[in-house]
**Student:** 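My structure is below; once you've seen it, I'll send some questions.
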Amino acid sequence: MAYLSVDIRGSTSWLASGAPSGSSCSGLHPGIMLHASSPLPAPCLPHPTSWTISHERKSSTDPIHPMDVQMAVFHCADGFLKQLMVTKLSQCRYALPLLVPDPFTQQIEFPLWTFRDINQSWKIKNNNETISQNQPVWKAETPMVFLFRFGSVSSSKSQLINNLINEKHHTFFHRHSPGSSRTRVLMDGVVEIAWFCPSGTQDDKFTNRVAFCNLHGDAGEHEKQLDIMTNMASVNVVVLPTLDRNDKRMTKIQNLYKDPKPLICLLPENDSALTEMGSGKYRIGLKDRGDAEVSEDLRETITNCLSESSSTFRLEDVSKHSDIRVDEEDDDDCRTAKDAAQQMIGLLEKKDLTEIKESLLPHQGKLWHQWCKMNKELNRPQGDHPEMEISKKKDEMMKIREEQHEAPISEFINVFMKEMNSHVTNKSMFFLKWLRILLDEHTSADLSDLLHDYNKTWTEVSKLSKSSSSNKSVELLPKQTELLDLSKKLQDATFGLEHIMREIGQIYESCSSVKKNKKDLQIHFSSLPSLAAEMMISGFPLELMDGDAAHVPLVWISAVLDQLIKILGDQRVFVLSVLGLQSSGKSTMMNAMFGLQFAFSAGRTTRGAFMQLVKVSDEMKAPINSGSDEMKTQKDIEYILVVDTEGLRALELSGESTRDHDNELATFVVGLGNLTLVNIFGENPSEMQDILQIVVQAFLRMKEVRLTPSCVFVHQNVSDVTAGEKNMEGRRRLEETLDKMTKLAAENEVCDAERFSDVIAFDVQKDVKLWEGSPPMAPPNPSYCENIQDFKKTILSHVSETNGMMLTDIKSHITNLWEALLKERFVFSFKNALEIATYRKLETEYSKWTWSLRKTMLEIENTLQNQIENEAISEVEETDLQEKLNVKSAEVKKSMTEFFERDTNANILIQWKTSFEIKVSHIQEHIVREALKKLNVVLQQRDLKKKIDAQKTQNENTLLEKAKDLALTLKDKANDDQILQTEFDSFWNRCVSEITKDTPRVQDIDILKDMKEVLSDNECFSDLETKSKKCNILKLSSFSEYIQLYIVEKVFQIFGYSNEYDAQIYKLITDIVEQVYKMIMSYNIAKMGYNKTYIQELTGFIRAKIADHEEKETTRYTFKKHFFSDLVFAIFNKEQKTFVKQHNIFKEANDPVLYLARKREEYYRIFQKYCQGATSATIIGEIICNKLKDPIQQSVYKKTARDLADDMRSNCESLNGNRSKLEKHILKRLAQKEDFKAFITYIHDPKKHFKSFIRDEIRWYINIFNISVLPKMKDDLRQKENQIIAAVNRASEEVDENRGDSDLWLKKFTQSLSDVLIFSENDLRGVSRDDVDVKLLADVITKQLPSIISDISSEFSTKSFLKKLEYKNRPNEILYEHLCTCCWVQCPFCKAICTNTAEDHDTKHIVPFHRPDGLSGWHYRGTQTLTPDFCTTLVASTKSFHSSHKSGEESIPYKDYRSAGGVHAEWSITPDLSELSYWKWFVCRFQEELEEYYEMKFQDRGEIPNEWRNHTKQDAIESLDKYF
């Protein structure tokens, strides 16, 4: 915001010279406010100290004259702000600057541009008929009365004019006006103008419009202004003091007297009544006469003079005078913009106004309306073949889009786009202003005539409707037809910027649909939304809902909002919706409050909804941010999005305007708003009832869908609300009407509500504003602006109490609202869409909360595992883990509370608050229990492993001592490497032979052999070789040979084996395979070794799972004996490699021959050093460093794996959300690869595919090792090095303080590392520590450690990373456990996976998007015909299905699918069109493969709809982004 400090001899005024939208300058006239719609630059002015003031100013303490403030702002403003100021002055019926002398050069400026936005309305009587008229003021041709004075006079001419126009209102500011002062600086020489506009009543002062011009100051000192105005005036009026004959001003008077133009002299020092001095020359004395008497004389004289004069005044004629500067001619941008706008208007010449839109804007006419009608029908499919009906409709809609695309772009639109793409902001702004001005001028006359004809015909129809004539119906029909015809003509003739933008929107939508640019479009269609977005940012409204078509162009609106987000960022926005009847003053109110540019009082008959963006200035933010501290923590509301409705109950649109359309419009804007402003005008009960019924029904629907917008009622033009009792009475009447309407609406919506306060939080004292009088049109209302300011504060208080919405949320909210309105059951559809969207957001947050807990527990678990392995602790309690998790748990609870309380959909989220708090609590308990379970296994395995480790340590230490003894005998040969090597080799072979004699070697394993021995009583395992050649049960799709049906079931299986059984058995097998793999990995064979009892445990587990399955209610069969044996063999055959791989790792680490062979070089180096006389400290230091290598390596790999998992949770697009987002990326990858087998795995075994996908993502990430993994490993390695050095220093300090020995040093050293590394004193048990110099030991470790660290670092590689990690520590397992510990139940029809995040959720299974049922093999009974129908359309159809859960296999209507019982009863499938383009593409792309896989066909009743074949792979992938 730019400011100018106006310093006038010590007084300072701050004047907003370029205020952004929403800021104001008050005090220019009582109650007036100035606003600008966008930040505007302030022109430079010389320093104000150079401004001179009159000698009349006696003291620096004199207040500044209010008109000086107004003119100072005017001089500082640019063209847009000047125009806005003058428009606001006009609206408040104040005089406007006509001729303005420059304060420095005195050159006179005529600000013609400032008048261009002003329209005048008036009424005249014609043969007892009152005719309403409307015209831009710059076109007005009216008589003009010019008033001026010579010298200093006691009477105020400004006050005299006010009495002529309206004695109750200060049209011209004068010396007796409140706030006036004795001195002024900038008003002398200014000519102001105001018009009297008749209202067509007996009280009118004049029968026609009259302009009054007033020259401020002594006319003798402003000759140029005097000459111009006296020449243009119809009547000159001069206030004339007594002048000397030689006074040069007498010459002026004499010249005027001689002029034939009427002249009225007002004499302040004369008390005579009205006197005619000659033809058209009058004299009126002012001395000692009352205002009313003088005014009557003056009015009578002016009326007589005007009746005899044909002279008229046009504003534009002023510009013809030489030596004056015309603002719009002086500004290059304004001038060139006007030329461009005139070029466009020239294209409209000689065209019938009612046919202009059809010829110049073809994209928005019949074709668009047909498309809208079909789109509504599309959302309400009926019949037995919904998919075919939908397909047919979509084909027809695409043809319409193609026709739209083929329609030519008119030169009119091309010129518009060319100008708007000029990239000169000021020029574009001027161009839009000029275009609107000239369009209004071009259409206003015809619109006025049409409105007159319409009103006349409507009156006739109204009279005929009430008459009791016998010919009533005969007479009424042609009049009603005429009325409808006039209504259509009115719609066709209405032409403004909104229609141009509507056309551009339809050009964009047609190009988007056919995915190519139009031939005659000079720019690429993708740039069109940015044009609209820039217009919105500049303060122009954009049509949100096309009222003519009663439709929201979602593609266009979404694209514009995307561009807004791109330009502004995803800003936080407060949505203010405005509802009110046509012509109720709401647009005027919003224009006054926020400086908006919604069209009003220009003969408009547009209907629909418009949105305009208002930047929240710092001044507006102050009251918003003065709320509670809790609110201050929220991000600021940066914009207010005002959504205004037009055409609600518009009389001239009543031919087509229906209650349904108005309810639809009201529901849409109320649902969109954080606050709805309901504007009521006047006290007509039927009109009030009309608007209130619409509003109440809309709010009732919001309650049903759990939206809770606030509302404020403004009741304007209430008669006398000054008395407190009457004020209360007005509120009581409104509340009664609202309660009455609530009962009526509740009946329509079939819900319970008795009072309006049952529907919405409503306080009749705070939320109802009663305003006396109408807006400041006629008569003027000085209190209007005070009311506006007060109301603005109310709105800002609402803003301060809400978080608003992000622009991205508004975009999706608009989509959800409109798509729900298109359906027959809005409440059901929108509630479902809104709840799904809100639930997804909640699940994303839930994923973050649980990951935060899981990640923390992984760190805790790692620390405790180190302590267990180091024998620092011998037990772990659940309470210990819970306590360690408490800090993070508290953070998560706080985050949850803030989310549930402050989210924009908090009222919807509240229904899940308790369940999700329980879910998080359960997952926390689960994480703790799992960690405890793992740690207890580590404890058990540590105790079991002690013997193995003790034997290894003993062997190592025995070798060390013996090597030391041998070295002592060879000290004299320390330099002879050959002798040392020979002696050591002999020694080593001897020792290893002794060790292996006492310690048996680790043998190889044969899993299938062990399996056969364990199950030796089962004859099915007698011939393994034959068995291995048989078919693999894990790869079968049908299991009919393995089951025996129950007898009852056999009776009803007349059509054969049910594929539902296959689905059940397949799920059983995949669950068993997954659990068996987990059990194998939990045995930790790589550390603990293999035991044959594992086979026994696993086969027992498999047998138990099969038995459990057979006992289920839904299982209608039993397994044959060879099912168990085939399954066990297939699983062990598959997992044999896992067993062997794990066992080989154990063997390599624990077989004495293999282990010692790896240690040979290490021991030889130590032997050499002993021979060379190295101290004990040196040897032990090297041993410690060597023993630290494996723990460091292991710790780094584990830490990196955890960090990698966390990094991918943050940065990997597919893994940084919840499972739904993961599924979206899986589907994208499947489409990109077009691998049918992978698709089948995904459909039938989703868990397996998800796991594989996560593993592949991790592998890809690891494969860019040097970028993603290596830096993390090196960072952690450096950290470990620092921790070890720190432990060395702490141990040395402890020994120094306590005068300890090497044992104390080692104890403190290992204790310091017990949390970080698996390394303890036990690792050095048996190593002699006699005569160890602790300082030297510390020095050796410090020097040797970098070499060890370097060796470890050199071994880092992609291959070693996963190899070195235990199964449970791998990042893919960590992420799989986090993302996939959820519900995996599949839809019984299409196999879509339930998206619930909890495995054991107590709600129905849901999925936002189902698939064609044929994908799971679903087919028409008794045929080989696959069904292409989506579940969501089937449950809305009249079709039926057969379920194996029901005895007798009776037919069940899809609408009652839950009555089938079993898994069907546990699902919630929404009857709507929530179907993805993705699956349509898939069915068409893989039709042959699907038919081959299921051995069925998409044919006859199952024919694939033609429209599906239009979907490309790109469409499929984009549909995922759109809906997920």
Side-chain angles (χ1 to χ4, degrees), residues 16-29 31-38 40 70-71 73-98 100 109-122 134-140 169 171 173 192-195 197 211 315-316 327-328 331 334 338 429-430 432-441 444 496-497 538-541 585-604 612 614 644 775-778 780-781 784-785 788:
S17 63
S21 177
S23 63
S24 64
C25 301
S26 301
L28 309 186
H29 272 289
I32 194 163
M33 297 183 300
L34 300 180
H35 305 267
S37 59
S38 60
L40 304 172
Q70 174 183 305
M71 293 314 296
V73 176
F74 190 83
H75 285 301
C76 293
D78 69 356
F80 296 111
L81 186 55
K82 281 182 182 177
Q83 187 184 72
L84 193 61
M85 284 176 65
V86 171
T87 304
K88 297 297 177 188
L89 287 168
S90 171
Q91 286 173 10
C92 293
R93 282 293 181 264
Y94 290 117
L96 317 175
L98 178 66
V100 182
E109 180 189 55
F110 169 39
L112 176 57
W113 168 249
T114 65
F115 290 89
R116 296 288 187 183
D117 224 11
I118 301 170
N119 283 285
Q120 281 184 345
S121 299
W122 72 99
N134 187 288
Q135 188 181 40
V137 74
W138 54 272
K139 284 187 71 181
H169 185 58
T171 305
F173 195 88
E192 288 188 302
I193 187 169
W195 284 264
C197 295
L315 269 176
E316 285 189 321
D327 58 351
E328 61 187 40
D331 188 310
C334 182
K338 181 180 180 182
M429 290 280 287
F430 274 118
L432 288 169
K433 287 266 190 183
W434 269 117
L435 187 57
R436 195 183 71 196
I437 290 162
L438 296 176
L439 278 173
D440 282 349
E441 178 197 8
S444 59
L497 271 177
S538 297
F540 287 88
K586 61 187 170 45
S587 292
T588 304
M589 178 168 61
M590 299 317 294
N591 291 348
M593 197 180 313
F594 293 115
L596 305 185
Q597 299 189 31
F598 291 124
F600 66 97
S601 299
R604 282 273 184 271
Q612 187 165 342
V614 181
D644 190 19
M777 289 296 120
N781 176 11
Y784 184 76
C785 288
I788 286 285

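Predicted, not measured: the structure shown is a model, and the values here were computed from it.
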**Student:** Mark yes or no for whether Thr87, through its side chain, and Gln83, through its backbone, hold a donor-acceptor pair below 3.5 Å.
**Tutor:** yes
**Student:** If I compare all heavy atoms of Ser121 with all of Cys197, which pair ends up nearest, and what's the gap?
**Tutor:** O-CB, 3.9 Å
**Student:** Report the residues that fulfil side chain to side chain contact (heavy atoms under 4.5 Å, CB included) with Asp331, sequence neighbours left out, ordered by chain and then residue number.
**Tutor:** Asp333, Cys334, Phe430
**Student:** Could you tell me whether Glu109 and Lys82 make a salt bridge, using a distance below 4.0 angstrom between a side-chain N and a carboxylate O?
**Tutor:** yes
**Student:** Please determine whether side chain to side chain contact (heavy atoms under 4.5 Å, CB included) holds for the pair Val86 and Asp117, giving the CA-CA distance in whole Å, both sets of side-chain angles, and the decisive distance to 0.1 Å.
**Tutor:** CA-CA 9 Å; Val86 171; Asp117 224 11; over 6 Å; no
**Student:** With rounding to the nearest 0.5 angstrom, report the CZ to CG distance, Phe540 to Leu432.
**Tutor:** 4.5 Å
**Student:** CD of Gln70 to OH of Tyr94: how many Å apart, nearest 0.5 Å?
**Tutor:** 10.0 Å
**Student:** Which distance, rounded to the nearest 0.5 Å, do you find between the CG of Leu81 and the OG1 of Thr114?
**Tutor:** 11.5 Å
**Student:** Could you walk me through whether Leu98 and Phe110 satisfy the side chain to side chain contact (heavy atoms under 4.5 Å, CB included) test, starting with their C-alpha distance in whole Å, then the side-chain angles of each, then the deciding distance to 0.1 Å, before giving a yes or no?
**Tutor:** CA-CA 6 Å; Leu98 178 66; Phe110 169 39; 3.6 Å; yes
**Student:** If I compare all heavy atoms of Met85 with all of Phe74, which pair ends up nearest, and what's the gap?
**Tutor:** CE-N, 3.9 Å
**Student:** What are the two closest heavy atoms between Ala194 and Thr171, and how far apart are they?
**Tutor:** CB-CG2, 3.6 Å
**Student:** Going by side-chain hydrogen bond (donor to acceptor under 3.5 Å, both in side chains), name the residues that satisfy it together with Trp122, two or more places apart in sequence or in a different chain.
**Tutor:** Gln133
**Student:** Mind checking whether Val137 and Leu96 have side chains closer than 4.5 Å, heavy atoms only?
**Tutor:** no
**Student:** Going by heavy atoms in the side chains, are Lys433 and Trp113 under 4.5 Å from each other?
**Tutor:** yes
**Student:** Could you list the residues that satisfy side-chain hydrogen bond (donor to acceptor under 3.5 Å, both in side chains) with Glu316, not counting sequence neighbours?
**Tutor:** Arg116, Arg314
**Student:** Looking at every heavy atom in both Ser90 and Ile118, which two are closest together, and how far apart are they?
**Tutor:** OG-CG2, 3.1 Å
**Student:** Nearest heavy-atom pair of Met429 and Phe80: which atoms, and what distance?
**Tutor:** CB-CZ, 3.3 Å
